[in-house]
Amino acid sequence: MNNNEIKALQSDFLNWYDQNKRPLPWRENQEPYYVWLSEIMLQQTQVQTVMPYFERFIQALPTLADLAQVPDDTLMKLWEGLGYYSRARNLKRAAQQIMTDYHGTFPQTAAELEQIIGIGPYTAGAIASIAFGEAVPAVDGNAYRVFSRLFDDTTDISKSSARQHFANEIAPLVPKERPGDFNQAVMDLGSSICTTKDPACLLCPLQPYCQAYAQGKQLERPVKTKKIKKKREQYLALVIHDEQGRVLLQERPAKGVLSGLYTYPLINEANLLSESQKVITSTQIAAFFKAQYELTLQQVQLLPVKPVTHIFTHLHWQLTLYTASIDANANLAYFPGRFFTTAAIAAQGLPTLQKKLQARFAAYQKNV
DNA sequence: AAAGCGTGGAA
DNA sequence: TTTCCAAGCTT
């Protein structure tokens, strides 16, 4: 593209943005803390989902210093249900990092921002351009889609190398004036006009020079070859009460799904079933708990309710609920978890999987 | 380089 | 039901 064509493209994006930008809470000012927080929350997450979380978060933690000092349980309660929980933990670590290493002031370039935990190439570009006016691209999934169509680019976005390829293509197009608005225009256009399945090309300001549209190939761009296959796994979920009505919850291991979060104790059925065996018995479950945790369960019973299904990015879980009882004075030295009162459970930041299990159990109790 | 990491919604 | 998608980062 020559300079005039680039100028025209920039104007088309910015004019469209001026007419169509959405009024979002994090667009009310360019406060780096808010821009950063919104960008982290928006990773792999839709605007509509993020909105209430963002409002609650800045209400509870209005400044970077507040975030750096927030207790972990408060933090997880604020993030509860949003998913990708390491984002929240990294957010706090990053806040502490900025407080100590940068005296509480955000670094202002993409290159420096990318050194902060949780900030990758996209987020660094977004913050640098939106909050600090640096003319760098913010290459997210929208940018892949918009520019692969505009240039009829067949780069496979499944590959790790695609991001740098598009960054190189887009960098010369980002205007020195209003780089943040340009990047947000790309994203807003990508999420409203240049959509994946049903792009509104007739409403698109770039349609006159969109190379994919010219060839009717907009639905074939971007090229994406990789498909994720979900692994199916069966679990038992144990609702274990003590005499005081407390419930035993287990802390998930530091590695793996839902790490560090609390759920009912979960047992992978594969850990109980031998090759020829098909039915799991209550005795077997009790024996497993004894062997693993030195804990004695009583009255282990299969709950006559529909199993809970939960789908992660790479996993498809089906969980069968059981109830059991345990002595309130049981020694939990070998068990990664603790007893929770009803109030303590409500105050805990829990993953949606656990919420689903609780709801299923509550529905059962109501009908008994 | 590719796999792992949540959740909700749409088709 | 199944699949895919949505403002990615870390290891």
Side-chain angles (χ1 to χ4, degrees), chain A residues 21-22 24-27 34-54 76 79-91 93-94 113-127 129-130 137-146 156-164 166-167 180 182-192 194-199 219 222 224-233 252-261 263 309-318 349-356:
Chain A
K21 76 177 276 194
R22 284 175 293 179
L24 300 172
W26 46 89
R27 285 180 175 169
Y34 295 151
V35 173
W36 170 52
L37 176 62
S38 70
E39 291 300 342
I40 300 296
M41 286 184 163
L42 285 163
Q43 288 169 4
Q44 303 290 283
T45 310
Q46 301 196 2
V47 167
Q48 191 173 346
T49 303
V50 165
M51 213 104 70
Y53 282 90
F54 180 84
M76 293 321 290
W79 207 265
E80 179 181 77
L82 196 52
Y84 287 138
Y85 296 93
S86 64
R87 289 185 295 175
R89 297 203 176 84
N90 287 342
L91 212 46
R93 289 172 57 193
L113 286 162
E114 204 175 328
Q115 301 308 310
I116 294 173
I117 183 71
I119 299 183
Y122 160 73
T123 306
I127 299 172
S129 63
I130 296 169
V139 186
D140 71 336
N142 289 303
Y144 284 157
R145 198 164 53 254
V146 169
D156 182 358
I157 65 165
S158 306
K159 305 201 169 184
S160 310
S161 54
R163 200 209 61 77
Q164 189 58 54
F166 279 101
F182 177 85
N183 285 331
Q184 293 182 91
V186 172
M187 293 189 275
D188 271 22
L189 189 82
S191 60
S192 62
C194 195
T195 58
T196 305
K197 292 176 180 171
D198 187 24
L219 291 178
K224 183 177 181 180
T225 58
K226 189 177 62 181
K227 289 184 178 63
I228 300 168
K229 186 164 187 182
K230 290 180 168 44
K231 193 198 300 179
R232 282 180 176 274
E233 292 180 334
R252 304 274 311 157
K255 303 249 178 195
V257 285
L258 307 178
S259 60
L261 297 172
T263 66
T309 294
H310 193 73
I311 298 168
F312 300 96
T313 306
H314 296 81
L315 303 168
H316 185 132
W317 282 8
Q318 187 172 49
L350 299 167
T352 298
L353 166 63
Q354 173 63 15
K355 296 282 199 176
K356 279 191 197 174

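Every chain is numbered from 1, with letters handed out A, B, ... down the list of sequences.
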### Query
Quick one: is C:dA6 close enough that its OP1 or OP2 comes under 4.0 Å of any side-chain N or O from A:Arg145?
yes
## Note on the structure
Between A:Ile117 and A:Glu39, the residue closer to the 5' end of DNA chain C by nearest nucleotide is A:Glu39
#### Entry: For A:Lys355, all residues meeting salt bridge (charged side-chain N to carboxylate O under 4.0 Å, His left out), sequence neighbours excluded
A:Glu80
### Query
Quick one: does A:Arg163's side chain have a donor or acceptor within less than 3.5 Å of a partner on A:Val139's backbone?
no
### Query
Is there a donor-acceptor pair under 3.5 Å between the side chain of A:Asp156 and the backbone N or O of A:Thr225?
yes
### Message
Going by ring-ring contact (aromatic ring centres under 6.0 Å, His included), name the residues that satisfy it together with A:Phe54, two or more places apart in sequence or in a different chain.
### Response
A:Trp26
### Task
Using the test ring-ring contact (aromatic ring centres under 6.0 Å, His included), find all partners of A:Tyr122 that sit at least two apart in sequence or belong to another chain.
none
[X] [atom1] - [N] [atom2] separation (whole Å):
{"X": "A:Arg89", "N": "C:dC9", "atom1": "CZ", "atom2": "C1'", "answer": "15 Å"}
{"X": "A:Ile116", "N": "C:dC9", "atom1": "CD1", "atom2": "P", "answer": "13 Å"}
{"X": "A:Arg232", "N": "C:dT1", "atom1": "CZ", "atom2": "C1'", "answer": "9 Å"}
{"X": "A:Trp317", "N": "C:dT2", "atom1": "CH2", "atom2": "P", "answer": "18 Å"}
{"X": "A:Leu219", "N": "C:dC4", "atom1": "CG", "atom2": "C1'", "answer": "15 Å"}
{"X": "A:Ile119", "N": "C:dG8", "atom1": "CD1", "atom2": "P", "answer": "15 Å"}
{"X": "A:Trp36", "N": "C:dG8", "atom1": "CH2", "atom2": "C1'", "answer": "16 Å"}
{"X": "A:Phe54", "N": "C:dA6", "atom1": "CZ", "atom2": "C1'", "answer": "18 Å"}

### Query
How would nucleotides 1-11 of chain B be written as a contact map, 5' to 3', with B for base contact, S for sugar-phosphate-only contact and - for no contact, using protein heavy atoms under 4.0 Å?
SB-BBBBB---
Once you apply a heavy-atom cut-off of 4.0 Å, does [X] come out as touching a base, just sugar-phosphate, or nothing?
{"X": "A:Thr123", "result": "sugar-phosphate"}
{"X": "A:Arg93", "result": "nothing"}
{"X": "A:Leu24", "result": "base"}
{"X": "A:Val50", "result": "nothing"}

### Task
Pick the P atom in B:dA1 and in C:dA6, then give their distance to the nearest Å.
24 Å
#### Entry: Rounded P spacing from C:dC9 to B:dG8 in Å
22 Å
### Task
For A:Gln46, enumerate each residue passing the side-chain hydrogen bond (donor to acceptor under 3.5 Å, both in side chains) test, keeping only those at least two apart in sequence or located in another chain.
none
### Summary
For A:Arg87, the side-chain hydrogen bond (donor to acceptor under 3.5 Å, both in side chains) test, sequence neighbours excluded, returns A:Thr45
### Query
Considering only C:dC5, C:dG8, C:dC4, which nucleotide approaches the side chain of A:Lys227 most closely?
C:dC4
